[in-house]
Amino acid sequence: MTGKATSKPKISVSIIGAGGNSSLVSLLLSRHGIKEIRIVDGDNIEKSNLERQTLFGISHIGLNKAEVMKNIVQSQGILNKITAFHEYLDSVNYESILTGTDLIIDCTDSILTRNLINEISVKMDIPWIMTSSMEKFLEFKLIVPGKTACLNCLTENQNLIPINCSYDNVEFYIPSLGSIMAVSLVSNYYENSKLEDCIYFMNMDDYSITKIKTGLRESCSVCAQKVFPEITSKRIIGRSPY
Ligand SMILES: [Zn+2]
């Protein structure tokens, strides 16, 4: 592609979860003309994280993930405006964290947080990117309120319910692949105005990719009826949901 210098997306991106997926997301976006990155994670780095969370090393064990990620990205001197939030996104703090952001990237792989982000996306009219992984499988989707199916729209079709993982059963390279796919969605949407209401599945066992058309559901309780059970629960997340 050409002409990138004038088309880079001057947007503020909030990355929820400073783990495996977000390591590469933060590095790639910081080098791509993004105006601001906010990194949100209340968790600290453990030795068991190091295989998949490629920004972190032994010296970071015990430190906050969001803060370390911010410092590493900032040390490269390319993007000045990076903020770390040493807390978990929840139904109480979301407005203070996300007001003014243009895009949310979910890097948590947590059903609970994913449902919350979906409601926040509709309520605050902020697009978000979902990635989810299990074993050698990856799925990803850009959700734009009013333009694409939201996460809740998908649950009507049992085949489209996003997979949920614990990192224990994800191949070590899959989070980095998810990062690349998320950044490709950012690039295609914000630079090329390309938006497909689809969910994509990658199978790294046979290197296949499947694209399934999705659509807004008129009866959806979240994006059509604006019912937000996770937000109204005022559930405070005091420990890692990621
Ligand atoms: Zn919906």
Side-chain angles (χ1 to χ4, degrees), residues 1 4-89 93-94 96-110 113 117 126-129 131 133 140 167 170-191 237 240-242:
M1 293 191 287
K4 305 301 283 184
T6 56
S7 62
K8 287 180 178 178
K10 300 290 183 191
I11 58 173
S12 166
V13 178
S14 289
I15 300 171
I16 313 302
N21 282 13
S22 54
S23 296
L24 198 48
V25 167
S26 60
L27 285 177
L28 290 171
L29 289 182
S30 71
R31 292 168 180 272
H32 199 57
I34 296 295
K35 185 173 66 180
E36 178 193 23
I37 290 178
R38 305 176 192 181
I39 304 167
V40 186
D41 200 322
D43 203 8
N44 293 336
I45 298 164
E46 298 176 13
K47 190 174 182 182
S48 60
N49 300 144
L50 300 183
E51 182 180 3
R52 293 168 182 79
Q53 300 179 13
T54 51
L55 277 188
F56 307 143
I58 292 288
S59 63
H60 299 129
I61 291 173
L63 303 177
N64 173 250
K65 291 180 179 178
E67 198 64 44
V68 172
M69 186 171 287
K70 172 197 158 188
N71 290 338
I72 291 172
V73 175
Q74 205 158 41
S75 71
Q76 302 189 0
I78 296 169
L79 179 65
N80 289 323
K81 192 160 186 186
I82 307 175
T83 308
F85 292 86
H86 188 175
E87 54 192 312
Y88 300 111
L89 183 75
N93 64 14
Y94 73 94
S96 63
I97 292 173
L98 296 174
T99 295
T101 201
D102 300 296
L103 174 71
I104 301 165
I105 301 181
D106 172 35
C107 294
T108 66
D109 229 343
S110 154
T113 304
I117 291 173
I126 303 171
W128 72 286
I129 291 173
T131 65
S133 48
F140 50 99
Y167 275 131
V170 176
E171 283 288 336
F172 69 97
Y173 53 82
I174 292 289
S176 294
L177 187 61
S179 303
I180 292 168
M181 293 304 116
V183 171
S184 77
L185 290 174
V186 176
S187 176
N188 275 330
Y189 182 57
Y190 287 99
E191 295 174 47
I237 299 176
S240 176
Y242 312 157

Legend entry - Validation row: Val186, Val13 side chains within 4.5 angstrom (heavy atoms): no
Legend entry - Ser30: side chain to side chain contact (heavy atoms under 4.5 Å, CB included) partners, not counting sequence neighbours: Ile37, Val73, Leu79
Inset, instruction - Taking side-chain hydrogen bond (donor to acceptor under 3.5 Å, both in side chains) as the test, write out the residues that go with Tyr94, two or more places apart. - result: Lys123
Inset, instruction - Quick one: pull up CD1 in Ile45 and CG in Leu50 and give me the separation to the nearest 0.5 Å. - result: 7.5 Å
Inset, instruction - Would you mind reporting whether Ile16 and Thr113 have side-chain heavy atoms less than 4.5 Å apart? - result: yes
Could you give the side-chain donor-acceptor pairs of residues 58-69 under 3.5 Å, partners two or more places apart or in another chain?
{"unit_1": "His60", "atom_1": "ND1", "unit_2": "Gly57", "atom_2": "N", "d": "2.9"}
{"unit_1": "Asn64", "atom_1": "OD1", "unit_2": "Ala66", "atom_2": "N", "d": "3.2"}
{"unit_1": "Asn64", "atom_1": "OD1", "unit_2": "Glu67", "atom_2": "N", "d": "2.9"}
{"unit_1": "Asn64", "atom_1": "ND2", "unit_2": "Asp41", "atom_2": "O", "d": "3.0"}
{"unit_1": "Asn64", "atom_1": "ND2", "unit_2": "Asp43", "atom_2": "O", "d": "3.0"}
{"unit_1": "Asn64", "atom_1": "ND2", "unit_2": "His86", "atom_2": "NE2", "d": "3.1"}
{"unit_1": "Lys65", "atom_1": "NZ", "unit_2": "Asp43", "atom_2": "OD2", "d": "3.3"}

Inset, instruction - Please report the shortest heavy-atom distance between Leu55 and Ser26, naming the atom on each side. - result: CD1-OG, 3.9 Å
Legend entry - ring-ring contact (aromatic ring centres under 6.0 Å, His included) against Phe85, all qualifying residues, sequence neighbours excluded: none
Inset, instruction - Flag the pair Tyr190 / Pro127 as yes when at least one side-chain heavy-atom distance between them is below 4.5 Å, and no otherwise. - result: yes
Legend entry - Point-to-point distance, once rounded to the nearest 0.5 Å, from CZ of Arg38 to CG of Leu103: 11.5 Å
Inset, instruction - Mind checking the CG-CD1 spacing from Leu29 to Ile105? Nearest 0.5 Å is all I need. - result: 5.0 Å
Inset, instruction - With rounding to the nearest 0.5 Å, note down the distance linking CD1 in Ile11 to CD1 in Ile34. - result: 4.0 Å
Inset, instruction - Locate the shortest heavy-atom distance separating Lys35 from Lys10; write the atom from each residue and the value. - result: CB-C, 3.9 Å
Legend entry - Partners meeting side-chain hydrogen bond (donor to acceptor under 3.5 Å, both in side chains) with Asn93 (sequence neighbours left out): Glu87
Legend entry - Close side-chain approach of Thr108 to Leu89, heavy-atom, < 4.5 Å: no
Inset, instruction - Return the set of residues passing side chain to side chain contact (heavy atoms under 4.5 Å, CB included) with Leu28 (not counting sequence neighbours), or none when no residue passes. - result: Leu24, Ile180, Val183
Inset, instruction - Take Ile39 and Ser22, measure what side-chain contact (heavy atoms from CB on, under 4.5 Å) needs, and give me the verdict at the end. - result: CA-CA 9 Å; Ile39 304 167; Ser22 54; 5.8 Å; no
Legend entry - Side chain Ser75, main chain Ile72, donor-acceptor under 3.5 Å: yes
Inset, instruction - Could you tell me whether Phe172 atom CZ has more than 12 heavy atoms of other residues or ligands within 6.0 Å of it? - result: no
Inset, instruction - Please report the shortest heavy-atom distance between Gly178 and Thr131, naming the atom on each side. - result: O-CG2, 3.8 Å
Legend entry - Rounded distance [0.5 Å steps], CZ in Phe140 versus OG in Ser179: 12.0 Å
Legend entry - Approximate separation, where rounding is to 0.5 Å, of Gln74 CD and Ile82 CD1: 5.0 Å
Legend entry - Ser12: which of Ile126, Leu98, Thr83, Asp102 passes side-chain contact (heavy atoms from CB on, under 4.5 Å): Asp102
